[in-house]
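First comes the structure, then the notes that go with it.
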Amino acid sequence: MNKCFFVLSFLLLVSCVEKLDKGINAIKIVNNSDDEIFVFAGRESFYEDPFGKSGIISSKREYNEFLRDRLVTPHSYKYYNEWRIHFSGSSVIIGDTVFYMAVVNRLDFDTLSDEEFKSKINKVIQYEYKVTPQYMINHDWTLVYPPESEEE
């Protein structure tokens, strides 16, 4: 009985630490919409420099990994550990440097060809966040889609 209690306590502790770590070292994307969305991040506006789907995904396996890593389901949230590094630990992005995060509806991403996707980029991007490290600190490392106010 003692062994079982110890093992269960250890597993509970590990799961709590893992969840806490994700929240501390990540940017949280909250999806309050009824749609499945993808969130892309980059140093330039996606409106000015459209990204190509073909450069992101070239096989079914890569697409499944992309879904696992980037999809935010309706009325849920997801943590992105790697993006916070750009704001807090990188010498490349510091101070008032702007970072862009674009929200794309999964239905648009899945149904449009590469050419249609690029040509309709202004309609495909549901919203683009233009953020700085200070903006992220002020918003507790959380972005909410759709934005709660026009200031976002």
Side-chain angles (χ1 to χ4, degrees), residues 11-12 14-90 92-152:
L11 291 175
L12 179 64
V14 168
S15 70
C16 290
V17 168
E18 188 174 302
K19 288 179 184 176
L20 180 63
D21 181 51
K22 285 183 179 180
I24 290 172
N25 296 318
I27 291 175
K28 182 179 181 181
I29 305 294
V30 178
N31 180 7
N32 286 336
S33 75
D34 293 330
D35 301 316
E36 292 181 315
I37 61 170
F38 291 118
V39 180
F40 297 91
R43 294 183 187 153
E44 296 181 28
S45 171
F46 293 94
Y47 290 116
E48 296 169 17
D49 185 26
F51 44 88
K53 287 193 323 184
S54 59
I56 298 170
I57 299 168
S58 61
S59 70
K60 183 72 171 169
R61 182 175 160 256
E62 285 183 10
Y63 181 74
N64 288 334
E65 288 175 9
F66 181 76
L67 281 177
R68 185 191 70 230
D69 295 341
R70 296 282 177 244
L71 184 68
V72 184
T73 56
H75 305 287
S76 70
Y77 61 89
K78 188 166 198 150
Y79 289 106
Y80 292 91
N81 292 328
E82 68 278 9
W83 291 346
R84 182 155 175 181
I85 293 167
H86 291 295
F87 291 108
S88 60
S90 174
V92 178
I93 298 181
I94 54 173
D96 289 333
T97 303
V98 175
F99 196 61
Y100 295 90
M101 301 177 90
V103 174
V104 175
N105 187 308
R106 178 183 180 183
L107 188 60
D108 291 334
F109 189 85
D110 286 348
T111 58
L112 297 174
S113 69
D114 289 351
E115 294 77 28
E116 290 174 314
F117 193 80
K118 289 178 185 176
S119 68
K120 297 179 179 181
I121 197 71
N122 289 336
K123 293 180 182 175
V124 170
I125 294 176
Q126 302 298 311
Y127 192 80
E128 182 178 71
Y129 296 88
K130 181 179 176 183
V131 296
T132 64
Q134 189 59 52
Y135 176 92
M136 293 307 297
I137 290 167
N138 294 346
H139 288 86
D140 198 26
W141 299 95
T142 301
L143 293 178
V144 177
Y145 176 78
E148 295 170 336
S149 69
E150 287 302 312
E151 293 175 10
E152 305 208 22

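From a predicted model like this one, the values you see are computed outputs, not experimental measurements.
Taken from NE2 in His75 to CG in Asn31, the straight-line distance is 7.5 Å, to the nearest 0.5 Å. Note that CZ of Phe40 is 7.5 Å distant from CZ of Phe46, once rounded to the nearest 0.5 Å. Between atom CD1 of residue Ile125 and atom OH of residue Tyr47 there is a gap of 5.0 Å, rounded to the nearest 0.5 Å. Residue Asn32 holds its CG atom at 7.0 Å from CD of Glu148, rounded to the nearest 0.5 Å. How far CZ of Phe99 is from CD1 of Ile27: 6.5 Å, rounded to the nearest 0.5 Å.
A heavy-atom distance below 4.5 Å is not found between the side chains of Lys28 and Asp140. Residues Asn64 and Arg68 are not in side-chain contact: their nearest non-hydrogen atoms beyond the backbone lie 4.5 Å or more apart. At least one side-chain heavy atom of Asp108 sits less than 4.5 Å from a side-chain heavy atom of Gln126. Counting only heavy atoms from C-beta outward, the side chains of Ile29 and Met101 approach each other to under 4.5 Å. The shortest side-chain heavy-atom distance between Leu143 and Tyr135 falls under the 4.5 Å cut-off. Looking at Glu128 and Ser45, their side chains come closer than 4.5 Å, going by heavy atoms from C-beta outward. Considering only heavy atoms from C-beta on, Glu36 stays 4.5 Å or farther from Leu107 through its side chain. Annotation: side chain of Arg70 is in contact with side chain of Tyr80 (closest heavy-atom distance under 4.5 Å).
Shown here are the salt bridge (charged side-chain N to carboxylate O under 4.0 Å, His left out) partners of Glu65, two or more places apart in sequence or in another chain: Arg61. Legend: residues meeting side-chain contact (heavy atoms from CB on, under 4.5 Å) with Asp35, ordered by chain and number and at least two apart, are Ser33, Asn105.
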Carefully, step by step, assess Phe38 and Leu71 under the rule side chain to side chain contact (heavy atoms under 4.5 Å, CB included).
-> CA-CA 5 Å; Phe38 291 118; Leu71 184 68; 3.9 Å; yes
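Here the side chain of Tyr129 pairs no donor or acceptor atom with the backbone of Ala41 at under 3.5 angstrom.
Taking both residues in full, the closest heavy atoms of Leu112 and Lys120 are given as CD2-NZ, 4.5 Å, listed atom of the first, atom of the second, then distance. Considering all non-hydrogen atoms of both residues, Asp34 and Pro74 come closest at O-CG, 3.5 Å. Nearest heavy-atom pair, Trp141 versus Ala26, reported as atom, atom and distance to 0.1 Å: CB-O, 3.8 Å.
Other residues, nucleotides and ligands contribute at most 12 non-hydrogen atoms within 6.0 Å of the OH atom of Tyr77.
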